[in-house]
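Some notes on the structure that comes next.
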Amino acid sequence: MFVSEASPTSEPHAPPWLADLNPEQHAAAVHRDGHLLVLAGAGTGKTTTVCARVAWLIEEGVAPERILLLTFTRRAAREMLARAGALTRSAPGGGARRVVGGTFHAAAHRLVRAHAAALGLAQDFALLDAADAADLLDLVRQEQGLSETGRRFPRKHTLADLCSRTVNAQRPLRELLASDFPWCEEHGDALAELFRAFAARKRELGVLDLDDLLLYWRALVLDPAAGRHIAQGIDHVLVDEYQDVNGLQVDIVAGLADHGCTVTAVGNDFQAIYGFRSASAGHILGFPAQFAGAATVTLERNYRSGQGLLDVANAVAAQDADGFPKVLRAQRGGGEVPRLVFCRDQTHEAAEVCDRVLAAREEGMLLREQAVLARTGHDTDLLELELSRRRIPYVKYGGLRYLEAAHVKDFLAVLRLTDRLGDEMSWFRVLLLLEGVGPNRARRALDHLLAGGPPPAAELPARWETARAELPSGAREHGDALVAALAGAQDAGAAAGAERLRDALAPLVRAKYPDGAVRLQDLDALCGLAGEAADLRTFVAELVIDPPSSSSDLAVAPHLDDDWLVLSTVHSAKGLEWQSVHVIAAYDGNFPACMAVGTKESIAEERRLLYVALTRARRSLTVYVPRRYYHRPTGRDDGHGYGKASRFLSPDVQALCEVVHLADDPAAAAPVPAPGAQARITVSVDELFA
DNA sequence: GTTTCAGCGTTTTTT
DNA sequence: ACGCTGAAAC
């Protein structure tokens, strides 16, 4: 292996990626011996530093394929590898392009596939996404008769959440129930039994959920022989966003370190926002103690924003006394004083955001340099209406996920069947699409299809022949077409196979959904994406691990211009930045969410969430507080509450902002008279029916 | 015996 | 948009 002797770091001819770093960044990039923790505040050049470190390691002679770069999203992995790749183009062997990078789950998937036999897993195991797991839990619950206990039993998504959090936190279920789900405690026994049955069922079906990927990876690392074998292929593990790892992930990293890998963890405890997924900032705080001999480098120089904005962010951060001290210092001058805008309600807020976005656009700021951030995917509903009305193009990240749409799940079920003809859950879903087929007939047809084990491809036509007899005549023709397409898709490539299945599914989608034509466009987009994958199994698995985070990830919709506004949840905005950021719906009950006011720690997490939102802005930041908001955005009744500003926007924080109280829109401002104050205005059509 | 559909209440954040 | 319920439709 090529090992370079000289370190180029201190020479006058240091490579530009080192020359441009500040002293702390430089120290992190060229740290030589042992583990390293980089505490990188918002906007302090974290990505630059990680990329420089990857480049430096390669320059030092570490083979790129022996560097494992674990990131939080696929997008982050892509960006870092591209930037590091550009730095190391001249390195022997292709440089950073050969670095192994991706999310924990993607890396786990590769390893678990490679070691499937040792883990006692079928080679063709399938992956369940969170919704699939919830559906299977629901099924097991029904089989166990747990839905008839009389007392309200947790819903399937709650069940999935409970199960997942128990596994990811590696805490006993009872403890979790007592601390975080006291209203479910009475079902403790039933839940424990359900989750055991769920695990058994997954094994039976040959499926893994996302948590299982981590569990199996950890099992591999902790196994002396397998662990050594895996670690022998890795010299350096770099973990981005370490404040958002959970106990399982820490076990994996620590296991690799025990086998001799060197760990670099990068993160910022004040941006820990995934506690609901059992992540804990305690892991980054405990890193120096857990990883012996680890050095710590702190980055506090902020290159993103002006001091006016950082003063506000620092003031919010100062409300929390725990963790490492965090003060960001601006390196750039300029930037505006953040604005805090009080408006009437969310309709008013939407109009105001549109006005300001368009005004900035007039002054030359592209729409894509501006973003609107919100606590929940829901918060942008009214804004989306207003944007559409004004024909302002936008793309939304986070919120409603593509893969959860029913028609997409239908399609994925068919895709999965191509290489798993014994996939009971997928068959069930597909059969239900046929007209006149409900749970009972689907069950009976399924018994024929799967009689005596999964059907070998050669036997599929014969088994289908008996199964279709259970179905009403109106369903048979479409069923025939689907089965024929399944048979045909097995030999075709990914692209042709997906096309074929789409065509067979099309009439069913059109029949089932009123807006079938629109939904078919989604399937077309998925077909396009499938064409890029090696085969359909890989395609479906990768889709589950790295779901497209917006419709634009799938395909650029034809109505979009090349310039568009970004709408995002704060969670999905992590790690991103824009010239101008609008944070909407910053009322108490949303920041913090009313669901989260239970414990001190969950309120602290909400504060960090607001902090993440504020620190996304480079030049201009506007925070909106609607004075009145509606409990039911879609509700017909006018139920509303009176919103106070987020408690995190305390007087001392507000003092650092330009506070704007917008006059009520005159048309809407006329006060609604109290009932009885005047003669009621009535409408009657009775006379028409006299 | 089964499926289907209308009506009603509810919905945090995501790999 | 989804889950649950009860009643209509096949």
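What you see is a predicted model, and the numbers here were worked out from it, not measured in a lab. Each chain gets a letter, A, B and so on, in the order the sequences are listed, and its residues count up from 1.
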(request) Would you tell me if any nitrogen or oxygen in the side chain of Thr376(A) comes within less than 4.0 Å of OP1 or OP2 on dT11(B)? (result) no

(request) May I ask you to decide whether Asp588(A) forms a salt bridge with Arg647(A), counting only side-chain N to carboxylate O separations under 4.0 Å? (result) yes

(request) Identify which nucleotide among dT12(B), dC4(C), dT15(B) has an atom closest to any side-chain atom of Leu210(A), counting heavy atoms from C-beta outward. (result) dT15(B)

(request) Between dT12(B) and dC4(C), how far apart are the C1' atoms? Round to whole Å, please. (result) 22 Å

(request) Figure out the CG/C1' separation between Leu70(A) and dT15(B), and round it to whole Å. (result) 13 Å

(request) Taking only the side-chain heavy atoms of Tyr274(A) (C-beta and beyond), determine which of dT14(B), dT3(B), dT15(B) contains the nearest atom. (result) dT14(B)

(request) Check every atom of dT2(B), dT15(B), dT14(B) against the side chain of Arg441(A) and return the nucleotide holding the closest atom. (result) dT2(B)

(request) Identify whether a stacking contact exists between Phe276(A) and dT13(B), where the ring centres must be under 5.5 Å apart and the planes under 30° apart. (result) yes

(message) Could you tell me how far apart Leu127(A) (CG) and dT15(B) (C1') are, to the nearest whole angstrom?
(response) 12 Å

(request) Report yes if a side-chain nitrogen or oxygen of Asn590(A) is closer than 4.0 Å to either non-bridging phosphate oxygen (OP1 or OP2) of dT12(B); otherwise report no. (result) no

(message) At 4.0 Å (heavy atoms only), tell me whether Arg519(A) reaches a base, stays on the sugar-phosphate, or touches nothing.
(response) sugar-phosphate

(request) Could you let me know what dT11(B) is paired to, Watson-Crick or G-U wobble, both distances under 3.5 Å, or none if it's on its own? (result) none

(message) Rounded to whole Å, how long is the line connecting atom CG of Leu471(A) with atom P of dT3(B)?
(response) 10 Å

(request) Compare the minimum distances between each of dT12(B), dT14(B), dT3(B) and the side chain of His571(A), then state the nucleotide with the smallest one. (result) dT14(B)

(request) For the pair Arg608(A) and Asp269(A), find out whether any cationic side-chain nitrogen is under 4.0 Å from an anionic carboxylate oxygen. (result) no

(message) Using modelled atom types and a 3.5 Å cut-off, is there a donor and acceptor pairing between side-chain atoms of Arg476(A) and backbone atoms of Leu471(A)?
(response) yes

(request) May I ask you to decide whether Lys409(A) forms a salt bridge with Asp129(A), counting only side-chain N to carboxylate O separations under 4.0 Å? (result) yes

(message) Students often get this wrong, so: under 4.0 angstrom with heavy atoms, is Arg444(A) touching a base, only sugar-phosphate, or nothing?
(response) sugar-phosphate

(request) Look at Glu542(A) together with Arg537(A) and state whether they make a salt bridge at an N to O cut-off of under 4.0 Å. (result) no

(request) Round to the nearest Å and state the distance from His378(A) atom NE2 to dA1(C) atom P. (result) 13 Å

(request) Ignoring backbone atoms, test whether Thr73(A) places a side-chain nitrogen or oxygen under 4.0 Å from the OP1 or OP2 oxygen of dT15(B). (result) no

(request) Could you check Leu432(A) against His105(A) and say which one's nearest nucleotide on DNA chain B is further toward the 5' end? (result) Leu432(A)

(request) Indicate, with a heavy-atom threshold strictly under 4.0 Å, whether Val437(A) touches base, sugar-phosphate, or nothing. (result) sugar-phosphate

(message) Once you apply a heavy-atom cut-off of 4.0 Å, does Glu605(A) come out as touching a base, just sugar-phosphate, or nothing?
(response) nothing

(request) Using the closest heavy atom to pick a nucleotide of DNA chain B for each, name whichever of Arg375(A) or Pro439(A) lands nearer the 5' end. (result) Pro439(A)

(request) Look at all strands and tell whether Phe104(A) reaches a base, only sugar-phosphate, or nothing, counting heavy atoms closer than 4.0 Å. (result) nothing

(message) From CG of Asn168(A) over to P of dT14(B), roughly how many Å is that when rounded to an integer?
(response) 16 Å

(request) Could you tell me the separation between the CG atom of Leu208(A) and the P atom of dT15(B), rounded to a whole number of Å? (result) 19 Å

(request) Can you figure out which of dC4(C), dG3(C), dC2(C) approaches the side chain of Arg141(A) most closely? (result) dC4(C)

(message) Under 4.0 Å, counting only non-hydrogen atoms across every strand here, what does Leu213(A) touch: a base, just sugar-phosphate, or nothing?
(response) nothing

(message) Checking the side chain of Asp180(A) only, and the main-chain atoms of Leu176(A) only, is there a donor and an acceptor separated by less than 3.5 Å?
(response) no

(request) Report the distance from atom NE2 of His157(A) to atom C1' of dC4(C), rounded to the nearest whole Å. (result) 14 Å

(request) Return the orientation label for the Trp464(A) and Trp427(A) ring planes: parallel under 30°, perpendicular over 60°, tilted otherwise. (result) parallel

(request) For Lys156(A) and dT10(B), give me the distance from atom NZ to atom P, rounded to whole Å. (result) 18 Å

